[in-house]
Structure formats: structure tokens, C-alpha cells
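Worksheet: the structure to be examined is printed underneath.
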2 protein chains.
Amino acid sequence: MGTSHTESFTPEHLALAELFKALGHPARLAIVNAIAAQQACVCGEFVAITGLSQATVSQHLKELKSAGIIHGSIQGPKTCYCLSPSALGLLKDSVAQLQTPSDSCC
Amino acid sequence: MGTSHTESFTPEHLALAELFKALGHPARLAIVNAIAAQQACVCGEFVAITGLSQATVSQHLKELKSAGIIHGSIQGPKTCYCLSPSALGLLKDSVAQLQTPSDSCC
DNA sequence: TCGGCGTATCGTAATATTGCAATGTAGCAA
DNA sequence: TTGCTACATTGCAATATTACGATACGCCGA
């Protein structure tokens with residue numbers, strides 16, 4: 001992708017963009033929604049929900065984890081994933097900030 | 001990217017993922033924040049803010065527009081961009097839905 | 001200890017994204 | 001008309017993402 005240009009932006013924008021990018025894929029959105037709705041918790045269930053292969057789901061889980069949106073705890077042979085309230089709080093705040101305070105110039 | 005697999009997901013997840021993906025880049029986040037803060041409105045100002053070339057900024061604006069997050073109105077020689085409240089509302093609702101209703105299984 | 005189950009990781013192929021220079025298009029002033 | 005300003009599009013090249021099969025790893029039960 002050309003040159004990554006990451007040095008031109010504020011750390012806040014970079015961190016926040018990571019969060020948004022992690023949610024910017026329907027499979028990951030489905031995973032996160034399933035966790036939020038308490039419909040699923042472990043990798044095998046996400047495979048059934050998304051219809052993707054286990055390897056792909058595991059990769060998506062890894063991305064969500066590295067973005068800080070979820071964190072997994074190994075419970076015996078399974079790994080249980082749950083949401084990170086702090087990341088969701090950040091997202092919520094930033095979206096709230098975007099709400100147009102008044103009507104803009106156009 | 002492998003095969004796109006878009007048929008496996010719900011339309012809501014697909015549409016929402018488009019919104020999140022559009023915000024999942026620091027340059028686009030900076031643009032949207034600048035509009036929200038009423039610091040900038042036209043392409044030339046975004047070029048100054050992001051430090052990217054005019055062509056690249058125009059491309060990012062196009063993506064934000066096609067995602068429905070902003071819409072531009074041509075005003076003489078300039079094009080003024082502003083946020084779409086409906087898209088922001090969608091984002092806000094979906095983020096609110098993700099907030100953990102209670103503590104989960106792990 | 002040996003399988004088997006559930007996940008994670010590796011390697012690889014197909015495709016998407018990012019960025020910029022060059023060029024095109026549209027409005028306005030002289 | 002001519003030239004200028006502001007923006008959009010096109011055409012690459014470099015890089016990132018997505019997906020999957022194959023395989024490795026870790027934890028149990030027999």
C-alpha cells in the first residue's frame with residue numbers, strides 16, 4: 001500500500017483506526033455481535049456462525065485480540081473470548097464525538 | 001483476498017462493516033474528525049491536515065462518500081463535505097449494542 | 001502413554017488497499 | 001478565449017488483507 005505514512009497522524013487517530021479497522025469486516029462484526037449477545041464464546045461456535053474455515057476464524061480472532069477488542073482466556077481445551085469494555089468505551093466516545101454539534105457550513 | 005465470501009453474512013453486518021472499514025484508516029478518521037470539529041470542509045484543507053497528496057485525499061473522500069459517512073456539495077470551484085447524521089446514528093447504535101450487557105461466561 | 005478434540009500457526013494464492021504522478025474536468029476572472 | 005484554481009480520475013507500483021489446506025500444539029480421557 002504505497003508507503004505506510006503512519007508517522008503523519010496522531011497516536012489517537014492511529015489507535016482508533018485500529019479499532020475501527022478490526023470491526024470493518026463482516027465476519028469480525030458477526031463474531032463480536034455473537035459475543036455481545038452471549039450466543040457464542042469459543043472458536044468452534046464462531047466457525048458455525050460465520051461459515052468460514054477454522055483457520056480463518058482463528059485469524060480473525062487474533063486480529064480482534066491484537067486490536068484489543070476481545071481477549072481470550074484458555075479454559076482447558078477451549079479458549080473463551082469476551083469483549084473488552086475499555087475498547088468499546090473508546091469506540092463509543094469517538095463515535096459520540098463525531099455527532100454533528102450543529103449544522104455545518106454546507 | 002481469497003474469495004470474498006460476502007454471501008455468508010447478514011446485510012446488516014455487511015453494511016455496518018462498510019461503515020467501520022471506512023473509518024478504519026487514520027487519514028479518513030482525521031478527515032472525519034476535522035469535519036466534526038468544523039476545522040475543515042474542503043479538499044485542500046484536508047490535504048494540509050493529513051500531509052497526503054491531493055490525489056490520495058480525494059480518493060479517501062470518495063471512499064467516505066461511498067460508505068455514506070459524508071456527502072459533498074459542489075459550491076462553485078470548491079466541494080464542501082459534511083457528515084451524514086444517519087450513518088453516524090447507525091454507528092452509534094451498533095457500538096451501543098456491543099456494550100457488554102452483563103459479565104459474560106469468562 | 002496414546003489418541004482425539006479444539007485451536008493456533010504456517011505457507012500460499014487471490015484480491016483489495018494505499019499512495020502518488022500525471023492527466024482530465026469544471027468554474028471563475030480577466 | 002485564456003489562464004488559473006480546486007478538485008476528480010486514471011494508471012501504475014508497493015503492500016496489506018483474506019481465505020484455506022496442512023500441520024503443529026496443548027489439554028484431556030481412556
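Reminder, nothing fancy here: chain letters follow the sequence lines and each chain counts from 1. Heavy-atom basis, side chains included; hydrogens, waters and symmetry copies ignored. Remember, predicted model here, so these are calculated numbers, not experimental data.
In this structure, B/Ile31 atom CD1 and C/dG19 atom P are separated by 10 Å, rounded to whole Å. C/dT17 atom P lies 16 Å from atom CD of A/Glu18, rounded to whole Å. Look at CG on A/Leu23: it is 15 Å from P on D/dT17, rounded to the nearest Å. Following rounding to the nearest Å, B/Phe46 (CZ) and C/dG19 (P) show an atom-to-atom distance of 16 Å. At whole-Å resolution of the value, CD in B/Gln75 and P in C/dA26 are 18 Å apart.
The residue A/Leu52 sits close only to the backbone: its heavy atoms come under 4.0 Å of sugar-phosphate atoms, none of a base.
One distance of note links CG of B/Leu19 with CG of A/Leu29; it measures 9.5 Å at 0.5 Å rounding. Between B/Phe20 atom CZ and B/His13 atom NE2 the span is 10.0 Å, to the nearest 0.5 Å.
Within the 4.0 Å cut-off from OP1 or OP2 of C/dA16, not a single side-chain nitrogen or oxygen of A/His25 is found. Side-chain nitrogen and oxygen atoms of B/Lys21 include at least one within less than 4.0 Å of the OP1 or OP2 phosphate oxygen of C/dT17. Taking side-chain N and O atoms only, A/His60 has no distance below 4.0 Å to OP1 or OP2 of D/dT17.
Between B/His25 and A/Phe9, the ring-plane angle classifies as perpendicular under the 30° and 60° cut-offs.
Across the interface with DNA chain D, nearest-nucleotide mapping of A/Gly51 and A/Ile74 shows A/Gly51 to be the residue nearer the 5′ end.
Looking at B/Val57 and B/Ile49, their side chains never come closer than 4.5 Å, going by heavy atoms from C-beta outward. Within the 4.5 Å cutoff, the side chain of B/Val42 has no heavy atoms near those of the B/Thr79 side chain.
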Pairwise N/O distances under 3.5 Å, protein to nucleotides 3-9 of chain C:
from: C/dT7; atom 1: OP1; to: A/Cys43; atom 2: N; distance (Å): 3.4
from: C/dT7; atom 1: OP2; to: A/Gly44; atom 2: N; distance (Å): 2.9
from: C/dA8; atom 1: OP1; to: A/Tyr81; atom 2: OH; distance (Å): 2.5
from: C/dA8; atom 1: OP2; to: A/Ser58; atom 2: OG; distance (Å): 3.2
from: C/dA8; atom 1: OP2; to: A/Tyr81; atom 2: OH; distance (Å): 3.3
from: C/dA8; atom 1: N7; to: A/Gln54; atom 2: NE2; distance (Å): 2.8
from: C/dA8; atom 1: N6; to: A/Gln54; atom 2: OE1; distance (Å): 3.1

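Heavy-atom minimum distance, B/Cys82 versus B/Ile35: CA-CG2, 3.9 Å.
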